[in-house]
Protein chains: 2
Amino acid sequence: MLKFDANSFLQAVGKEAFSKREEIENVVDAISQKGFKNIFLIGSGGTIAMMYPYEYIFKSTSSLEVHAEIAAELLVVNNRHLTKDSVCIFASVTGTTKETVAAAEFCKEKGATTIGLVAIPDTPLAKAVDYCISTGKEKHSFDTFFIHLQLLTFRFIHNHDEFPQYEKFANELASLPEGMVQAMEEFDSRAEQFAIKHKDTGYHMLVGAGNLWGNTYSYAMCILEEMQWIKSKSIHAAEFFHGTLEIVEEDTSVIIFKGEDETRPLAERVERFASKITKELFILDTKDYKIAGISEEFRKYVAINVNWALTSRLSVYLERERDHSLDIRRYYRKMDY
Amino acid sequence: MLKFDANSFLQAVGKEAFSKREEIENVVDAISQKGFKNIFLIGSGGTIAMMYPYEYIFKSTSSLEVHAEIAAELLVVNNRHLTKDSVCIFASVTGTTKETVAAAEFCKEKGATTIGLVAIPDTPLAKAVDYCISTGKEKHSFDTFFIHLQLLTFRFIHNHDEFPQYEKFANELASLPEGMVQAMEEFDSRAEQFAIKHKDTGYHMLVGAGNLWGNTYSYAMCILEEMQWIKSKSIHAAEFFHGTLEIVEEDTSVIIFKGEDETRPLAERVERFASKITKELFILDTKDYKIAGISEEFRKYVAINVNWALTSRLSVYLERERDHSLDIRRYYRKMDY
């Protein structure tokens, strides 16, 4: 596959990611034992989007109190729920995202317990938090973050007596990277065809819900807008019919991310509508992929990782077809504001 | 002013809205006395957007537990925080929004206490809830909902011993409609000029934060997309620099909603950036308007209402200049999906 090395992916997201399992469980167990009042999931852009699935999972699976907050907003708003009894979880690939680092320091000053997911240790975020889980390398770090967040989230819920299946889930998760590679291989030619067809499309609408809402928001903002400079609108499937539907025309590109959780019927409703109006409907459905080793009951949780892996195939082909590197920025970190 | 009658506005949003003050306070006092665990703010499209400012106000002013949830999503997700000890607040102009009515029934079945804001009594939402506050007429009902939500929100917070200024605030709020009319008059010609200049603009970016985030999201989706069929992207000011900034060019229409709460610096940061890149930057700042009778300490709370009123002036001129009625829908409630 273009720009993809299965061995290095399996090494990073498989072996290396799972080498942290015990460390993560120990961190969570120590915090659960000490006790806490609530959990804050904090990030900026791609990393707050990455937290949204886990906010959804907490809300739909556990009575633990959870808050997902944008770092820059948390810094200025006096959020009354953030106290010394909060557990704050952050992620940053580079470990240098200004607002995220500042938010980690802010939470620590409040006396909260802080956990950071970073690619490289010895970076500012790693130094600012009480517990740092490092992926060890930048490549594939989002895929690894997702797995680490799964271990963190479900371990907290397990310790709260609401996820007795933890052991089985965490064991099965180890087969996920293989399943992701398989899914990417199966999807690859569809991704390429999409990119060829849409290389000049100037606007995409992205629709998702449940634990795929974060990926939907992120793909629009952090990939299409930031990395390809293409206008895009992310819209929650539950909200689609309250406005955005009116701008769909027969040539409007509508991309629906379908997952396998309780909100699937919301995405299906958008699909029924869009299939009547536009010829440019593209469905990315995790259900189309087998993912060996993952039990039916856990598929909805790993749809996050599978969807993320599949969309990465769209990105590399858009990059090639549009001759627009995913790494070019014209403003971000290039000027002061 | 075009399509605006100050007397009927002042009658509806002033006199009639405030005639409900005692009723609202009695409802809240009865619920506070009985006790509750958390508050759910529930809506769809424009009415969930309307709830976001109050979610923000709760979070930044009170330790009460609050959740803002999209009705259609709440119906399918087993939200573990929604119990018989929840207070659920809904709004629907027509009282018939399918998902909102279904959500109210769903919450009532769970044993929660339900409050509905509707325009017309005897509609399905009015019948589904324990307490119904009716505006009595459809015209200006959002402006009235905002005031009723302010009374509800701050009364709950007051009863929780976190807003001793309630009496002063509620009294001052009665002068707000006059201040809104004054602000609309001052803004009117700018709104008209904007609409003339942008009648053919095919894409707008809307940026806001804090208690204006809901209005930002709503103006993009429910006005520009739904009522004018214009592509638009709403982006939170704290998130703007994590992707969306890259698509700003010198002719990109960027509209910033500036309010007066703690997040104002986030909007100012976007303003600094955008003013360097695009010639089509439009700032709508509540601070530019006097709003007689409202103390400095409360201005940030009424920025919601003032911003809403100002944007309504943009809408009527866009309607006229684009010869596109705000009432036309091509799909919503016109077809099954």
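Nothing here was measured: the structure is a model prediction, and the numbers come from that model. Residue numbers start from 1 in every chain, and the chains themselves are labelled A, B, ... in the order their sequence lines are given, proteins ahead of strands.
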Closest heavy-atom pair and its distance - B:T61, A:R80: O-NH1, 3.1 Å

Could you walk me through whether B:I70 and A:E239 satisfy the side-chain contact (heavy atoms from CB on, under 4.5 Å) test, starting with their C-alpha distance in whole Å, then the side-chain angles of each, then the deciding distance to 0.1 Å, before giving a yes or no? CA-CA 8 Å; B:I70 304 166; A:E239 286 284 90; 3.5 Å; yes

Find the one option among A:S44, A:S218, A:S60 whose heavy-atom pairs under 4.5 Å with chain B are most numerous. A:S44

So which part of A:L266 gets closer than 4.5 Å to some heavy atom of chain B, the side chain, the backbone, both or neither? side chain

Under 4.5 Å to a heavy atom of chain B? For A:S62 that would be backbone

With respect to chain A, which residue among B:E249, B:M227, B:E271 yields the maximal number of heavy-atom pairs within a distance under 4.5 Å? B:E249

Would you mind checking which part of A:I230 comes under 4.5 Å of any heavy atom in chain B, side chain (CB onward), backbone (N, CA, C, O), both or neither? backbone

Can you tell me which residue among B:Y332, B:Y331, B:Y337 is in a ring-ring contact (aromatic ring centres under 6.0 Å, His included) with A:F241? B:Y337

Based on non-hydrogen pairs under 4.5 Å, which of B:E65, B:R269, B:R272 is most in contact with chain A? B:R269

Cut-off 4.5 Å, heavy atoms of chain A, and the answer for B:F240 is neither

Relative to chain A, which segment of B:M205 carries a heavy atom at a distance below 4.5 Å: side chain, backbone, both, or neither? neither

Select one option (side chain, backbone, both, neither) describing which atoms of A:I328 are under 4.5 Å from chain B's heavy atoms. neither

Would B:K334 and A:E246 pass as an ion pair if we require N to O under 4.0 Å? no

Against chain B, label A:E162 side chain, backbone, both or neither, depending on which of its atoms sit under 4.5 Å from a heavy atom there. side chain

Segment of B:E268 engaging chain A (4.5 angstrom heavy-atom cut-off): neither

Heavy-atom closest contact (A:D336 atom, B:K276 atom, distance): O-NZ, 2.9 Å

From B:H67, B:H81, B:E69, residue fulfilling side-chain hydrogen bond (donor to acceptor under 3.5 Å, both in side chains) relative to A:K59: B:E69

Measure distances from B:L64 to the heavy atoms of chain A and classify the residue's part below 4.5 Å as side chain, backbone, both or neither. backbone

For A:S232, is it the side chain, the backbone, both or neither that has a heavy atom under 4.5 Å from a heavy atom of chain B? both

Please classify the contact between B:I48 and chain A as side chain, backbone, both or neither, with a heavy-atom cut-off of under 4.5 Å. side chain

